[in-house]
Amino acid sequence: MKGNKLTGFIQKFYVYIVLFIMYAPILVLVAFSFTDTKVIGTWNGFSLRLYSSLFKNRDIMEATLNTFIVAFSSAFVSTALGTLGAVGIFYSGKRAKALLEGMGQIPILNAEIVTALSLTILFVFFGVRFNFITLLIGHVVLTIPFVVLSVRPKLMQMDPNIYEAAMDLGATPNKALMRVVLPEVIPGVVSGFILSVTLSLDDYIITAFTRDTAYQTLSTYVYGITSKRGTLPPSLRALTTIITLLALVVLLIANLRGKKAESRRPRR
Amino acid sequence: MRKSNLRFQRKFLAIPYAVFMALFVVAPMALIIGYAVTNGSGVPSLENLTIFFSDRNNVDTLTVSLLIGLGNTALCLLIGYPVAMLLAKKELGFTMATVLLFVMPMWINFVLRTAATRDLIYWMGLKGGEHPYAATMVGMVYNYLPFTILPLYTTMIKMDKSLVEASYDLGARPAQTFVRTVIPMTMPGIVSAAMMVFMPTMSSYVISDVMGERKISLIGNSIQLYFDQGLWHMGSLVALIMLVIILVGSFFTRNVETEDDARGGLW
């Protein structure tokens with residue numbers, strides 16, 4: 001090995017310091033979720049009052065629930081449509097492939113606000129009332145290209161003969177797809193789903209443009225309230241702590257399972 | 001071969017996807033373009049364009065957006081490039097979990113994260129109302145750094161390290177190797193990262209609103225304002241301007257094979 005121990009240390013330190021700065025706002029919220037002061041920076045003794053007021057706050061609870069409903073239902077639709085789409089695109093001719101892949105690039109390249117405005121105009125143009133379905137469509141548009149992008153590499157890695165082989169052995173096309181092609185692409189499908197949930201949870205602009213204005217998600221609720229009074233309402237500190245913990249648990253599980261899969265994978 | 005099987009072909013599976021995309025991606029874009037080049041009574045005209053550019057405020061907004069977009073892209077690359085390089089360096093022993101840690105904040109909605117960042121720097125003495133540009137830049141870098149690191153990381157783990165060694169063997173100094181070998185090899189990641197940061201930065205009015213306490217107006221604000229007032233033709237025009245900027249950007253980077261799967265292949 002070239003570099004000495006000191007450079008190795010400095011390099012690691014750089015990564016961790018960037019990570020630390022990135023997490024600083026979240027860590028501060030977590031720390032100050034255990035005291036009941038109005039703003040961060042002042043400590044009023046340990047207390048779990050913010051947690052009890054969080055669960056009593058109907059608006060926040062409803063917005064949180066809505067956020068997860070939108071994230072999971074849109075991820076479900078995106079994953080189904082996107083996976084079928086990726087498989088279909090993979091077996092399409094050159095021209096159709098280029099066309100369909102080109103369409104998928106539009107929402108990725110576009111600024112989110114352009115996508116949001118274009119959908120709004122579509123709905124207004126056809127006199128559609130904004131409701132849960134329009135919001136769902138917005139989130140599917142946002143996430144579906146990434147499902148296709150997640151599934152595509154798995155199709156390219158697949159042995160092209162297995163589908164034909166299954167049919168030669170008497171499987172119907174349906175069965176061959178479900179029992180042979182689908183298992184091959186399932187890791188891509190799962191990552192597409194997780195990515196969809198992630199993008200949807202993080203979204204504000206598409207939500208703000210395509211929702212029924214009475215329907216609040218966490219992002220619209222927080223935007224509405226911070227633009228009125230500036231600082232975050234204290235009980236959101238408790239909520240952030242809970243979401244962070246949840247995310248950490250998921251990350252840990254994913255990491256452990258990843259390691260298991262790694263050790264199980266046969267050598268080729 | 002079973003090509004004669006007309007009842008079912010695998011490519012038909014893409015039909016629902018194609019219909020969805022045609023309805024909700026292509027048609028809306030066509031409408032935007034249509035609205036942008038017509039006036040209120042539906043007659044084709046460049047009225048919107050002249051109205052938009054005759055207002056000094058709009059020109060200022062566009063300039064400020066471009067500058068903030070460029071500044072944020074540069075800052076994110078400057079901070080994120082070394083991070084990605086170090087994460088991809090085998091000797092340091094970083095795992096995928098560390099990489100995912102950089103993405104995990106996305107599970108906490110970005111409006112909430114941005115408000116948290118605002119509260120933190122306010123506590124530290126940087127008040128958004130007094131220093132709107134500084135505060136906005138902080139918020140932007142916080143939000144877009146993960147999008148910079150990921151595509152860069154994806155390119156770097158694929159990079160052929162033997163070329164770097166070859167460069168050393170042929171007598172290049174570290175700086176030379178970096179500029180002449182590493183940067184060109186990671187160009188796809190750099191371009192993808194820049195595209196993922198630049199456009200969204202220009203339009204993300206939420207971050208500038210929360211961090212800069214509404215002292216800065218970005219091009220996203222203009223769209224949002226027209227949207228609130230129901231001025232679809234003007235809003236569409238601004239959206240079209242953004243489209244043109246994207247097209248210009250893709251034109252300049254057309255020769256670089258970008259990191260398409262950077263976000264898709266992450267999980």
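What you are looking at is a predicted structure, and each value in this text was computed from that prediction instead of being measured. In what follows, every chain begins at residue 1, and chains take the letters A, B, ... in the order their sequences are listed.
For chain B, the nearby parts of A:F209 are the backbone and the side chain; heavy atoms of each come within less than 4.5 Å. Both the backbone and the side chain of B:L112 have a heavy atom closer than 4.5 Å to some heavy atom of chain A. Interface remark: B:M21 contributes backbone and side-chain atoms alike to the contact with chain A (heavy atom separation under 4.5 Å). For a residue to count as touching a neighbouring chain, one of its non-hydrogen atoms must lie under 4.5 Å from one of that chain's; by this rule A:Y221 does not touch chain B. B:F94 touches chain A through its side chain: at least one heavy atom from C-beta onward sits under 4.5 Å away, while N, CA, C and O do not. Looking at B:D209, only its side chain comes within 4.5 Å of chain A, counting heavy atoms on both sides. Heavy-atom distances place both the backbone and the side chain of B:I79 under 4.5 Å from chain A. With a threshold of 4.5 angstrom between heavy atoms, B:I108 approaches chain A through its backbone and through its side chain. Both the backbone and the side chain of A:V141 come within contact range of chain B, judged by heavy atoms closer than 4.5 Å.
Most heavy-atom pairs under 4.5 Å with chain B, from the set A:V39, A:L236, A:L218, A:D203: that is A:D203. For the set B:M29, B:M199, B:M85, B:E213, the entry with the most heavy-atom pairs within less than 4.5 Å of chain A is B:M29. When the candidates B:L13, B:I15, B:I245 are compared by the number of heavy-atom contacts under 4.5 Å with chain A, B:L13 comes out ahead. Heavy-atom pairs under 4.5 Å with chain B were tallied for A:I137, A:I106, A:L29, A:V18; the largest tally goes to A:I137. Counting heavy-atom pairs closer than 4.5 Å to chain B, the top-ranked of the candidates A:I113, A:L109, A:L99, A:V151 is A:I113.
At a threshold of 4.5 Å between non-hydrogen side-chain atoms, the residues A:V222 and B:N109 do not count as touching. A 4.5 Å side-chain heavy-atom check between A:I121 and B:P28 finds every atom pair outside the cut-off. Between A:I21 and B:Y142, some side-chain heavy-atom pair lies under the 4.5 Å cut-off. Between A:V197 and B:W107, the closest side-chain pair of non-hydrogen atoms is not below 4.5 Å.
Within the model, atoms CE of B:M104 and OG1 of A:T198 stand 11.0 Å from one another, a figure rounded to the nearest 0.5 Å. In this structure, CD1 on A:I108 lies 8.0 Å from CE on B:M196, to the nearest 0.5 angstrom.
Proximity of a side-chain donor or acceptor of A:Y23 to a complementary backbone N or O of B:F102 within less than 3.5 Å is not detected.
When A:V147, A:I144, A:L84, A:T83 are each tested for a side-chain contact (heavy atoms from CB on, under 4.5 Å) with B:Y17, only one passes: A:I144.
Using a 4.0 Å cut-off between charged side-chain N and carboxylate O, B:R10 and A:E164 make a salt bridge.
At a heavy-atom separation below 4.5 angstrom, chain A is approached by B:W232, B:G235, B:S236, B:A239 within residues 231-239 of chain B.
B:F20 is linked by a ring-ring contact (aromatic ring centres under 6.0 Å, His included) to B:F24, counting only residues two or more places apart in sequence or in another chain.
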